[in-house]
Q: 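Can you read through this structure? Questions will come right after.
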There are 2 protein chains.
Amino acid sequence: MSKLPEKTIGRLSEYRRTLLNCLANGKTHVFSHDLANLHNITAVQVRRDIMLIGYSTTLKKGYDVKALIDVIGNIIDTKDGLNAAIIGIGNLGRAITAYFNGKRTRLKIAATFDTDPEKTNRVISGVKCYPISEMGRIIKEQDISIGILTVPPEDAAAVTETLIMAGIKGILNYTSTSLNVSPNVYLEEYDMITSLEKVAYFVKEKNE
Amino acid sequence: MSKLPEKTIGRLSEYRRTLLNCLANGKTHVFSHDLANLHNITAVQVRRDIMLIGYSTTLKKGYDVKALIDVIGNIIDTKDGLNAAIIGIGNLGRAITAYFNGKRTRLKIAATFDTDPEKTNRVISGVKCYPISEMGRIIKEQDISIGILTVPPEDAAAVTETLIMAGIKGILNYTSTSLNVSPNVYLEEYDMITSLEKVAYFVKEKNE
DNA sequence: TAAACATTGTTATTTAATTAACAGTGAAAT
DNA sequence: ATTTCACTGTTAATTAAATAACAATGTTTA
């Protein structure tokens, strides 16, 4: 089951979100073209992704929602779940924490970190905030394997080093500082300014 | 100059951010491999992107930082600038507004919208917040062409419809609801849960 | 000055991702 | 029944993106 395309992984996560909605609305089956419409992609794309993860149905009544949720879960989730931590509990850190927690069973934000003494040693957005100085210890104690960076750009490099020393396995970097990590740490970067500038560019393009 | 690859546009935005940093640090020239290292990509990729936008240098002392910033600006920015609006000024909306404004000269967040009367008709993160009921009017008055959606997922579809009626040209959607828009509106979607799940998947992969 | 080197610009190749094409098959319609 | 239809699964073709290869050229070094 290894070697799934990166893009497919992203879509599987999205399919699951939609499927969970379907389930909540009492739908038991869903067609490939329904999923496609809900995600602005083609039905072929959906079927191909689902083929790649080895699920298939003999019925012509669409995919079994529950079964498909489980299959996707077995691909994306680990058996025992993973813990993540937010580093920098400003507006963005809070947004992510509040938005995410409780939504998934096998992935959770277990701790947050900050330098500001006003924020540390309190519970923020439902999660305890620790001083960054204790980060190494807490990460090991709580078995945290993913770090989400929402610190000011000038702190990103130093924080990353601490994270890696503490044995973090994956980093999701929301700062505008591009990071350099060894290949055994998975790194995903996202910059909101770039996204906005991209939209601006294509808006300009369309109007020419 | 048209038909630049989408990925190139994203990288140009990132190069410019780095170049502005270089300028602030007094660097006047930068090698392709310097830019590459700063972005975790190859020097070939950098040179190719720069080739595509038609900039070149005869010197073997790297690219002229200032000149390159200008060339990228002429690609990405419009002459007169574009205005964007945040819809939903919760934690995420605030984070984006505060993070973005003032960073660029030809792109700015000109207004924010919310339904909560506690928030409306006040200045939040430096920008005036209007009630969503006035969105159509304000968008036209202030010539806003980009909408950034940070509302709860259940409101996304309705807000989008209003935006499009008001003549918006591009949408950056941070809600978990996937949108359906006509092809003359540029749509970019980003979901943080998906990103986090992707990181979790690849962390799992690496440890097998 | 000439040789060695470093750097860019560009074409060719490879790889990744998407889309098209279509065979197979159960369900519905006649 | 049997024909038509609607869907799925999968291979083939296409398109987009990244990488490799290398010629051209200015710079440094001996």
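Throughout, a chain's letter reflects where its sequence line sits, starting with A, and its residues are numbered from 1. If you're wondering where the values come from, they're calculated on a predicted model, not measured in any experiment.
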Q: Produce a footprint string for nucleotides 2-15 of chain C: one letter per nucleotide, 5' end first; B if the base is under 4.0 Å from any protein heavy atom, S if only the sugar-phosphate is, - if neither.
A: -----BBBBBB---
Q: Does anyone know the first and last nucleotide of DNA chain D in reach of chain A, 5' to 3', at under 4.0 angstrom to a heavy atom?
A: dC7(D) to dA12(D)
Q: Run the salt-bridge test on D77(B) and R16(B) with the 4.0 Å N-O cut-off and return the result as yes or no.
A: yes
Q: Count the heavy atoms belonging to other residues, nucleotides or ligands that lie under 6.0 Å from CD of E161(A), then report whether that count exceeds 12.
A: no
Q: Counting only heavy atoms not in M165(A), do more than 12 fall under 6.0 Å of its CE?
A: no
Q: Show every donor-acceptor pair shorter than 3.5 Å between a side-chain atom in residues 100-114 of chain B and any protein atom, with sequence neighbours excluded, or say none if there are none.
A:
residue, atom, partner, partner atom, Å
N101(B), OD1, I109(B), N, 3.0
N101(B), ND2, I109(B), O, 3.2
K103(B), NZ, Y99(B), O, 2.6
R104(B), NE, E197(A), OE2, 2.6
T112(B), OG1, K128(B), O, 3.4
D114(B), OD1, D116(B), N, 3.1
D114(B), OD2, I89(B), N, 2.8

Q: If the threshold is 4.0 Å, N to carboxylate O, is there a salt bridge linking R137(B) and E134(B)?
A: yes
Q: Could you go through Q142(B) and Y130(B), starting from their C-alpha distance and side-chain angles, then the distance that decides it, and tell me whether this counts as side-chain hydrogen bond (donor to acceptor under 3.5 Å, both in side chains)?
A: CA-CA 12 Å; Q142(B) 304 204 8; Y130(B) 300 92; 3.2 Å; yes
Q: Write down the atom of T194(B), the atom of G10(A), and the distance for their closest heavy-atom approach.
A: CG2-O, 3.5 Å
